[in-house]
K.L.:
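Below: one structure in structure tokens.
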Amino acid sequence: MQDLGISILFKGVNFQRLLLGLWVTLRIALITIGISTALGLLFGLLMMSRSRAARGFCRVWLEIVRFMPQLVLLYLVYFGFARLFGWNLEGETSAILVFSFWGTAEMGDLFRGALTSIPRHQRESAAALGLTKAQINRYILLPQTARRLLPQAINLSTRIIKTTALVKMINVTEVLKVGQQIIGQFYREPSVAFWVYATVFLMYFLICWPISLLAGRLETRWSAG
Amino acid sequence: MDWGFIGSHVMDFVAGAWVTLRFGLYGVGCSLVLGLLCCLARYFRVPVLRSVAHGYIELARNTPLLVQLFFLYAGLPRVGVRLSAEACAVIGLTFLGGAYMSEAFRSGLESVEKSQREAGECLGLTRAQNIRYVLLPQALATAAPALFANVIFLIKETSMFSVLAMMDLMNVADTLRTSGGRTVEVLFMLVVAYLALLLPVSLAATFTERRLRYAGFGNQHSV
Amino acid sequence: MMEPILRVKDIHKAFDGSGVLKGVSLDIHEGEVVVIIGPSGCGKSTLLRCINGLERVDQGEIWLRDQLISGLKDMHLVRQKIGMVFQSYDLFPHMKVMDNLLLGPMKALRKPREAVEAEAMEMLRRVGLAEKAQALPRTLSGGQKQRVALVRAMLMHPELLLLDEITAALDPEMVSEVLNVVIDLAEQGMTMAIVTHEMRFAEAVADRVLFMEQGVIAEEGAPASFFREPKTERARQFLQSFTYASTRKKAQETQAADVGLA
């Protein structure tokens with residue numbers, strides 16, 4: 001019985017369909033990571049700006065992201081914007097919008113954390129060597145910030161990839177949805193469901209695990225130095 | 001905004017919030033226990049168990065809760081393992097949360113100087129006494145912010161219980177939205193409900209962290 | 001002569017393949033104070049750590065009276081009889097001084113609080129810290145912390161006390177307040193094994209001095225003869241390295257006689 005279920009997974013184009021679904025997920029994740037990184041660096045700078053208004057703005061943004069489940073934010077944009085502003089956004093667009101809104105704030109906070117974690121005497125001892133401000137930034141602060149930020153940023157990326165599973169809930173045909181279509185198609189063979197969900201589980205793991213390992217590796221290497 | 005609609009459905013949201021909170025807290029509680037056990041197994045290098053714990057943590061941290069829940073709820077019954085929606089909810093949240101809690105505990109334990117453990121051993125304490133009286137209190141102080149962050153994270157993740165056909169906040173909102181067409185009101189209530197759930201947790205976190213910082217043990221070397 | 005309290009028989013210990021202890025044997029008798037000196041890396045701290053099981057010996061045996069304690073599973077029972085104090089004090093930072101003192105007797109020995117509390121108070125008073133009973137460790141000076149650490153170890157009524165460079169982290173002016181407590185203990189008949197770099201203290205407190213070098217005991221003797229005329233060349237050079245500061249002129253003169261300054 002059970003090997004029947006797993007054989008259906010590789011029957012015809014079923015597995016290709018799953019992979020295509022996975023690609024939809026990954027595409028959303030990749031675009032989100034790109035946008036979040038770019039805007040996140042700006043957001044981080046804004047968080048440290050002298051303007052109270054700018055800092056307050058960031059604070060509110062960050063708190064919204066911290067408090068609201070991503071699923072709620074997705075609903076707000078996908079269903080709410082249509083009602084409120086008459087924008088009928090596609091599921092994929094809504095997802096990218098929401099995840100970038102979230103990722104930007106998180107990335108910005110990581111960036112700010114990395115920058116402020118560098119001990120002040122680093123800057124001071126560099127200044128004591130007679131380096132200019134630009135040189136201090138270029139040779140002392142930036143490399144250290146990057147080393148602290150990169151492992152955490154990579155970890156955030158795996159979180160973003162995992163979160164994309166949610167887009168199923170706003171009718172995007174990604175890997176879970178494709179899986180359910182296959183399950184529906186082969187409903188006569190109930191163990192298909194087991195194998196489909198196990199496969200999707202494994203797919204996510206195989207994507208996120210190496211990335212997490214990389215982040216862990218970088219973290220131990222750089223924190224020792 | 002149709003306040004009449006909101007007024008007549010407040011109790012639905014209260015009921016939903018109760019489901020979210022209750023199963024969220026069950027999950028948090030079980031996660032803390034599981035996380036602590038995994039963390040201790042790794043810290044004390046217990047043979048076999050530490051590898052099992054490590055493998056589990058990697059698995060749980062690198063897969064989405066939504067997929068875990070579908071697997072538990074819709075996948076397992078097809079091979080003969082039947083679980084109620086509530087059991088799936090708690091198991092799923094614990095599976096995810098245990099891994100995150102374990103990492104938080106671990107960073108706390110690792111921040112305690114190794115010589116503290118030795119000092120406890122030299123007093124003739126058993127391993128359990130050493131954990132209970134010497135290591136854990138210090139580790140918890142360092143781990144508190146991460147633990148609280150995990151609590152908030154896990155309560156947010158309960159929004160996925162709706163796929164288990166549980167009447168949590170998300171599902172209440174979804175049902176009202178599809179039946180009544182009052183999308184804006186429903187979403188507004190949803191946001192308010194989550195705020196009401198998470199704001200107290202967040203305030204408690206800030207309060208505890210501040211107290212711990214002021215009571216600082218004088219061994220905080222890194223800031 | 002009486003049976004020794006502690007008997008170390010030809011122990012070996014290596015870290016990552018490099019030998020730190022290469023066959024050390026040692027007896028300590030009741031009431032005896034043994035001071036172990038030697039250059040850093042000679043294995044003296046490792047010897048103490050092996051005695052109370054913080055490190056496992058690779059080879060050899062350690063006996064506490066008639067019990068073989070090396071490689072034992074229930075080490076915590078043995079540790080109730082062997083006290084140890086470290087260079088870094090290691091008071092528990094989240095507990096008040098009194099709670100630090102009570103933890104071992106109440107939890108490991110399961111004594112009632114009242115009995116221990118009175119005794120702890122009395123001992124604190126004797127080391128001059130009675131008013132610090134309710135203080136948190138971080139409010140104490142290094143010398144005060146180390147005195148508390150000594151009291152904490154003594155409250156377990158150990159048969160043997162191991163002191164591992166307990167003044168190495170202290171500011172110079174606090175060294176004597178701690179060492180005076182140790183000399184007091186010695187006078188009360190406490191059996192001790194002490195690793196230290198304070199040569200004058202060593203001379204004052206020791207019944208016997210061991211000089212360790214490269215993982216073995218290179219010389220041993222009574223303090224008077226050891227410090228005045230060490231038998232081995234290495235011990236002589238080691239002792240010389242402590243005297244350069246106060247006898248600069250003399251040292252320069254004797255350099256010709258092949259005594260290194262480093």
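Given the structure is predicted, the values throughout are model-derived calculations rather than measurements. So that the names make sense, note that chain A is the first sequence line, chain B the second, and so on, each numbered from 1.
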K.L.:
Chain B heavy atoms under 4.5 Å from C/N52: which part of the residue, side chain, backbone, both or neither?
P.N.:
side chain

K.L.:
Count the heavy-atom pairs under 4.5 Å between each of C/M84, C/Q80, C/K107, C/M95 and chain B, then report the option with the highest count.
P.N.:
C/K107

K.L.:
Could you label the plane-to-plane angle of the B/F161 and B/F23 rings as parallel, tilted or perpendicular, counting under 30° as parallel and over 60° as perpendicular?
P.N.:
perpendicular

K.L.:
For C/L54, is it the side chain, the backbone, both or neither that has a heavy atom under 4.5 Å from a heavy atom of chain B?
P.N.:
side chain

K.L.:
Please look at C/R152 and chain B and tell me whether the side chain, the backbone, both or neither of the residue comes under 4.5 angstrom of a heavy atom of that chain.
P.N.:
both

K.L.:
Between C/H94 and C/F92, how do the two ring planes meet: parallel, tilted or perpendicular, split at 30° and 60°?
P.N.:
tilted

K.L.:
Given 3.5 Å as the limit, does a donor-acceptor pair link the side chain of B/T206 with the main chain of B/S202, or not?
P.N.:
yes

K.L.:
Can you say whether C/L162 sits under 4.5 Å from chain B via the side chain, the backbone, both, or neither, judging by heavy atoms?
P.N.:
neither

K.L.:
Does a side-chain N-to-carboxylate-O contact under 4.0 Å join B/R127 and B/E121?
P.N.:
no

K.L.:
Without swapping roles, check the side chain of C/Q146 against the backbone of C/I166 for a donor-acceptor pair under 3.5 Å.
P.N.:
yes

K.L.:
Of the listed residues (C/L109, C/V85, C/L91), which shares the most heavy-atom pairs with chain B below a 4.5 Å separation?
P.N.:
C/L91

K.L.:
For B/Q129, is it the side chain, the backbone, both or neither that has a heavy atom under 4.5 Å from a heavy atom of chain C?
P.N.:
side chain

K.L.:
Go through C/A108, C/P105, C/A153 and name the one with the most non-hydrogen pairs under 4.5 angstrom from chain B.
P.N.:
C/A108

K.L.:
Taking the basic N atoms (NZ, or NE/NH1/NH2) and the acidic carboxylate oxygens, is any pair closer than 4.0 Å for C/E177 and C/R147?
P.N.:
yes

